[in-house]
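Chain naming here is simple, since letters A, B, ... match the order of the sequence lines and numbering starts at 1 in each. Everything numeric here is computed off the predicted structure, so don't read it as measured data.
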Amino acid sequence: MPPSPAPSLEERKRLISLQEKIASEIVFEDRFSEGVVAGVDQAFISRKDGREMVISGAVAFDSTLRPLSKSWAILDTTFPYVPGLLSFREGPTALEAVKRLETRPTILFVDGCGINHPRRAGLASHIGVTLNVPTIGVSKNVLCGTFDPPGRVGDASPLVYVGERVGYVLFSKKRCRPIVVAPGHKVSVDGALDLARRYLRDNKLPEPCFAAHQQANLVKRQILSGEVSF
DNA sequence: GCGACAG
DNA sequence: ATCTTGTCGC
């Protein structure tokens, strides 16, 4: 039996209208500062008894990437993975982890889509509007939109969806598939590309995303080994 | 009608 | 995302 029941058509309609409301509140201009740069990412635990849980890890840095604070949160899964509705699966836990950071982010990197979404309401936009925090979405795969593959490391190609430029596909590291960066909330399309590039270090993903991924998986390992309980 | 489809 | 060891390449 599935961990979380598939949403009915009526339920989907309700969630989609929720996304449309969120999309209507997105600010598309750059209105962020880089005082506290953070990242949030999720990991999952599926137990033998059929239960599935979401773990979110968040990490905050100053503008020079010096660590400021970390946090995490864990919740039971209540929604399955449905392309276009990821926010309802990972959003609750991610929001909680970000709230638990001692330092409120002034710009937050989120794993997933931003406005590069069928209703311009990817996880990054969802979190940004909900917390009124500037966000940028970073993903490893394209949900929607087309692009010409960037040729060299450092290059970026516009990601276009229904005639609109919704983000960029960035060749972030040699021998790695390019990543997708897009505005979540209070960040412009070019601002998102600039942020992604400036916070890239030695990894495929910008440092806030990389660190958040590590944090989520560290907590997961600690929970599985009994070092940490909840 | 048939695929594609963030994590 | 997750299931999983080694392995090829830089």
Sugar-phosphate, base or nothing in reach of [X], heavy atoms under 4.0 Å:
X        : value
A/Gly84  : base
A/Val54  : nothing
A/Ile179 : nothing

Between [X] and [Y]: side-chain donor-acceptor atoms closer than 3.5 Å:
X        : Y        : answer
A/Ser188 : A/Glu29  : no
A/Gln215 : A/Asp41  : no
A/Ser69  : A/Thr103 : yes
A/Thr64  : A/Asp62  : yes

First-last contacting nucleotides on DNA chain B - partner chain A, under 4.0 angstrom, heavy atom: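 Boundary nucleotides touching chain A, in 5' to 3' order, are B/dC5 to B/dG7.
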
Partner of A/Leu193 under side-chain contact (heavy atoms from CB on, under 4.5 Å), chosen from A/Val181, A/Val169, A/Ile136: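 The passing option is A/Val181.
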
Crowding at CZ, A/Arg201 (>12 non-hydrogen neighbours, <6.0 Å):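 Above 12, so yes.
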
Residue A/Lys186 excluded, over 12 heavy atoms near NZ under 6.0 Å: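 More than 12 heavy atoms, drawn from other residues, nucleotides or ligands, come within 6.0 Å of this atom.
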
Min side-chain heavy-atom separation A/His126-A/His185 under 4.5 Å: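 A/His126 does not reach A/His185 side chain to side chain.
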
Identify the pairs formed between an N or O of the protein and an N or O of nucleotides 1-7 of chain C at a distance under 3.5 Å, and give each distance.
residue : atom : partner  : partner atom : Å
C/dA1   : OP2  : A/Lys140 : NZ           : 3.3
C/dT2   : OP1  : A/Phe44  : N            : 3.3
C/dT2   : OP1  : A/Lys220 : NZ           : 3.0

